[in-house]
Amino acid sequence: MLKSSSSSLLKHAVTRRSLASINTGAVVSSTPTSHPLRRFIVRTTLAISLFYAGGLALAEYNDSFNDIFVENIPFAETLVDSFESYRDATMLSSPLTLEELRAKFGGMLGGKVTSIPNQGVNAQDANKEDLKASIPTKIDARSPLTSTSTARNDAALVNLSPINVVTGSHTPTKFAELVKGINDAIRAINEQKIEVAEEQLSVIIEAHQALTTSVVNFNKDIESVVEQGISERTAQLVSDLTNKYETRLKEDEANLTSKFTEELQDYRKGLEERSAKQLAEDLKANEQTLLAKHANEVALLSITQVEEFNKILKEKLDTERDGRLAHLKDLDSGVGRLLESVDNLNHILMKKEAVTQLTLTIEELKTKLQSSNSHALNIESQLKKLKSLSDILPGKPKPCCKSKNKSPALIDVAISELDSLTSKQEILTNEQLYNRWNLLGDDFKTASLLPPNAGILGHTFAKMFSFLLFTKEGSSPKNQDLDSVFARVNENLRLSKLDKAVEEVVALQGWPYVLCQEWINDARRKLEVESLVDVLDCELRTL
Amino acid sequence: MSEKSQAQLQVAAPSRSILNDKWDVVLSNMLVKTGLGFGVGVVGSVLFFKRRAFPVWLGIGFGLGRGYAEGDAIFRSAAGLRSVKA
């Protein structure tokens, strides 16, 4: 039976080979024929496809290339649109699995089709027991196929299949080496292409099968042993680890407990110290606060007592004032009146004193003005005194009876005028004025002889004849000739009648007046000063 | 102080010097004019009259006359005189 099956397999293989060579057309010919047109078409098609595919791919990733590709390449727009519509359709369509489709359209699909033809093998979860059970079956099934022999009449070629053992992670390496050695021996036997008789081949195949079965069983046993050992070892290790963990846990617990106790002790000690310190500080602060409060209360009490004392004192004073000091206000008003009287008296006294001083100064001035010194008068000191006295003089009279304003007072005006007169020009004495008048005598005589509008001859003759004139002396009130006038003036000056002398001189005309003009000015200034002094004297008498 | 005040006093020309000043001006003017006439006479005498004496005296006379006229005018002028309308 095995032999027949192996021969049929051989035939089948030969048949498939021959069919495959026909279908593919890859028959190697000794003289290769060239097909330029077909090659050209194929290459062109490939090139165009490649060009469009590349363009499409680039156009999808680059917008600018997409524009160029769509606008310039024929059918490119259609291609891009169709690709995008296909892509959108695939992306938008819900990915329904076959099971979901079945669940959805179960009524239509399930009843009609039980199995899809040419479906292939469906993937299923492998069951270990089934797998283990299938291993010897597989070997059994494969062994008749693999141990094919090309049988001639009674001899067959020995071709043994190698032992295929599923090795796991627990399989020892020595077992794998053993299996590999057996497979090498089988391969060596196969390579020797030993031809044996049918009976011998069957014996060999049986022996091979027995070997394969024993190897598989050994594999199974060794796996079970390894698993058992692993489980035992694991259990032992787990128990050891548990024991170790428990001891370590206890040690750590004890260490931690002792450490925690120490830390707790330290923390308690620190806390106690801090609390004691805080307590002491608080006690000190409270003590200070209490002391301050006590001091404040004492101060408040003293203030209150002082206020009470002040109140009592005030009441006492009020009663005393109402009693013994009742006339204190009258006394105060009397003192006030006395003060006013003293003030008025002071005012009057000051005025009187100033008036007295002013009078004395005026008298002094008068004496100076009447003096007959040969030098000009200097009344600067008297003037200063007058100024200061007029400044401090209270109650100056009004300049006029009808004037409403008190200033400027007449005394002030007179003093300022006196000052302006004497500050820039000198005041001559009577003696000086008399002397200067006498010096004018010769020229006066000449001028008295000059005719009106005299020329050079008139002047010459007047000068000549002036030497022949007699000088008059004494007063002659009636005569108006120049000699009499000169004599009168001289007499008046000698008698200190300056005003009358000036009056006579001022009445002159022509050259005699021109000659006397300077003397007139000096005499007038002197007269003005005397008049001002008289005014001051009169004003002082009114005070 | 008094010296200072004295220095500050106005120094005016004395009125009686007016006549003397006029005399000074008149005499000096007469002298100058007479001198000019004398000079002109001398030159004229030398140049035109063979050094005779009369041109010199004539020049002096002219000068004196001119001086007198101007002096008379100076004295008659109203400079410094007060005109009083009686």
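Letters A, B, ... are given to chains in the order of the sequence lines, protein chains preceding strands, and every chain is numbered from 1.
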Q) Does NZ in A/K368 sit with more than 12 non-hydrogen atoms of other residues, nucleotides or ligands closer than 6.0 Å? A) yes
Rounded to the nearest 0.5 Å, the CD atom of B/E70 sits from the CD1 atom of A/I456 at a distance of 10.5 Å
Backbone N or O of A/A454 within a donor-acceptor pair of the B/R76 side chain at under 3.5 Å?
no
Can you confirm whether A/R525 is buried at CZ, in the sense that more than 12 heavy atoms of other residues, nucleotides or ligands lie under 6.0 Å from that atom? yes
Output for pair (B/F75 CZ, A/N453 CG), nearest 0.5 Å, gives 12.5 Å
Exceeds 12 heavy-atom contacts within 6.0 angstrom, atom CZ of B/F38
no
One should read off an interatomic distance between A/T460 OG1 and B/Y68 OH, to the nearest 0.5 angstrom, of 7.5 Å
Separation between CD1 (B/I74) and NE2 (A/H459), nearest 0.5 Å, reads 11.5 Å
